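The block underneath contains the structure these notes are about, expressed in structure tokens.
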Amino acid sequence: MPEGHLIHRYARAQHAALAGSTPTLTSPQGRFDPGPYAGRALAAVEAYGKHLLYHFDEAPPLHVHLGMRGLWLRHDDPAVAPRKGVRLRIATGAVAYDLIAPIRCEPLPGDGERALRASLGPDPLRADADPDEAVRRLATAGGAVGAAVLDQSLWAGIGNAWRAELLFLAGLDPDARRIGAPAARRLWELAAEYLALGRDAGQVVSDPTAPDERWVYKRAECRRCGAPVRRWELGARTAYACPVDQPAAPPG
DNA sequence: CGAACATGAGCAC
DNA sequence: TGCTCCTGTTCGT
């Protein structure tokens with residue numbers, strides 16, 4: 001489930017395991033050319049929204065995006081043979097990481113990294129995120145808040161599961177428009193708080209006392225009040241909301 | 001065993 | 001707006 005919290009979790013683990021080493025990159029599947037990275041030291045692994053950036057010395061940054069189905073597998077024994085279809089293996093003498101089914105795995109030459117960063121809004125899991133800018137972007141976005149939070153150029157890292165649960169926690173109807181700066185700030189604070197919980201737990205956490213439960217996401221009834229969960233298409237994804245706990249704004 | 005569905009996003013039309 | 005790409009999980013038969 002690679003939304004932003006898991007991307008940051010991957011980055012943290014891989015940075016700890018790989019930064020400072022000179023790993024061997026291979027592509028068992030053959031669809032990635034590791035040539036530019038041969039013999040290069042890996043300085044840092046960074047997450048930005050749903051994107052991973054691998055910073056090597058003397059080589060362009062390596063950009064990985066998992067899409068909906070991508071994942072990383074870790075092998076504590078780097079001699080374990082990769083399964084068929086591994087796009088990229090990053091291996092040291094101590095560990096191997098196998099990349100499966102990404103939608104992006106490519107060097108970012110030239111100003112590619114700058115362009116990528118410029119295309120992304122503030123990421124609630126990044127220490128350098130500017131909350132005021134995040135509030136401004138969401139509060140001035142046209143359209144429904146449930147579509148806006150999935151727009152990576154407004155906020156980076158939120159996916160469909162977090163959309164459902166964060167808007168529930170904020171008591172916001174996903175269809176609401178022009179929610180205003182105070183509501184946008186409250187939503188940002190919830191995102192920063194809960195995505196960090198999710199990053200540390202390795203899964204979506206929307207109730208710390210019941211980390212495996214969801215309030216509305218993929219549920220038939222609201223976990224708080226039991227009302228039937230409303231389900232519809234919003235921003236090209238299935239939205240979930242409680243009609244009682246996330247009431248529609250009064251008309252006018 | 002096959003079908004359906006899924007956390008994403010670029011692109012054609 | 002809809003199609004496409006990629007794999008893993010879950011469900012029904």
Side-chain angles (χ1 to χ4, degrees), chain A residues 1-11 13 27-33 47-53 62-75 81-89 97-108 112-113 115-121 123-125 141-144 146-169 174 190-191 194-207 211-220 229 231-241:
Chain A
M1 309 178 211
E3 298 185 34
H5 65 302
L6 290 185
I7 303 308
H8 278 263
R9 184 180 178 86
Y10 282 133
S27 181
Q29 179 195 51
R31 289 181 55 190
F32 172 75
D33 173 15
Y48 200 136
K50 297 170 186 170
H51 301 258
L52 285 163
L53 290 169
L62 173 60
H63 173 219
V64 170
H65 192 296
L66 297 180
M68 200 155 48
R69 303 168 225 201
L71 72 159
W72 283 100
L73 298 177
R74 178 191 165 104
H75 299 289
R83 73 169 68 172
K84 185 179 56 179
V86 169
R87 180 81 56 91
L88 166 66
R89 167 169 282 197
Y97 286 94
D98 287 350
L99 174 62
I100 316 284
I103 58 171
R104 288 283 184 279
C105 177
E106 64 202 356
L108 284 184
E113 179 184 3
L116 173 65
R117 292 177 188 276
S119 74
L120 297 172
D123 172 351
L125 282 179
V149 295
L150 291 183
D151 183 339
Q152 302 297 299
S153 74
L154 299 177
W155 288 9
I158 308 296
N160 201 32
W162 281 113
R163 166 174 80 168
E165 296 296 278
L166 290 171
L167 290 175
F168 175 89
L169 290 168
L190 286 167
Y194 280 83
L195 263 70
L197 293 175
R199 175 199 59 206
D200 295 345
Q203 63 179 62
V204 172
V205 175
S206 51
D207 178 354
D212 293 333
E213 297 290 339
R214 311 285 173 262
W215 294 109
V216 292
Y217 177 64
K218 287 188 177 177
R219 287 184 59 95
V229 167
R231 181 182 298 221
W232 72 107
E233 290 297 311
L234 175 61
R237 315 301 300 281
T238 304
Y240 307 83

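So you know, we letter chains A, B, ... as the sequences are listed, proteins then strands, and number each from 1. Owing to the predicted nature of the structure, the values given are computational and were not obtained by experimental measurement.
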Rounded to the nearest Å, what distance is computed from the [atom1] atom of residue [X] to the [atom2] atom of nucleotide [N]?
X: A/N160; N: B/dC5; atom1: CG; atom2: C1'; value: 13 Å
X: A/R87; N: C/dC6; atom1: CZ; atom2: P; value: 8 Å
X: A/L6; N: B/dA6; atom1: CG; atom2: C1'; value: 14 Å
X: A/L88; N: C/dC6; atom1: CG; atom2: P; value: 17 Å
X: A/R69; N: C/dT10; atom1: CZ; atom2: C1'; value: 15 Å
X: A/L234; N: B/dG8; atom1: CG; atom2: P; value: 13 Å
X: A/L154; N: B/dG8; atom1: CG; atom2: C1'; value: 16 Å
X: A/M68; N: C/dT4; atom1: CE; atom2: C1'; value: 11 Å

Check: protein-nucleotides 9-13 of chain B nitrogen or oxygen pairs below 3.5 Å:
{"unit_1": "B/dA9", "atom_1": "OP1", "unit_2": "A/H65", "atom_2": "NE2", "d": "3.2"}
{"unit_1": "B/dA9", "atom_1": "OP2", "unit_2": "A/K50", "atom_2": "NZ", "d": "3.0"}

Original post:
To the nearest 0.5 Å, how far apart are OG in A/S27 and CZ in A/R89?
Top reply: 11.5 Å

**OP:** Look at all strands and tell whether A/R31 reaches a base, only sugar-phosphate, or nothing, counting heavy atoms closer than 4.0 Å.
**Re:** sugar-phosphate

Original post:
With sequence neighbours excluded, what pairs up with A/W162 under the side chain to side chain donor-acceptor pair (under 3.5 Å) test?
Top reply: A/H5

Original post:
Does a side-chain heavy-atom distance below 4.5 Å link A/F32 with A/P107?
Top reply: yes

**OP:** Using only heavy-atom distances, determine whether the side chains of A/Q203 and A/D212 contain a donor-acceptor pair under 3.5 Å.
**Re:** yes

Solution key, residues 64-72 of chain A side-chain donor-acceptor pairs under 3.5 Å, sequence neighbours excluded:
{"unit_1": "A/H65", "atom_1": "ND1", "unit_2": "A/G67", "atom_2": "N", "d": "2.9"}

**OP:** Can you spot which of A/R231, A/E233, A/R163, A/K218 makes a side chain to side chain donor-acceptor pair (under 3.5 Å) with A/T238?
**Re:** A/E233

Subject >> Integer angstrom distance from the P of C/dC3 to that of B/dA4 >> reply: 15 Å

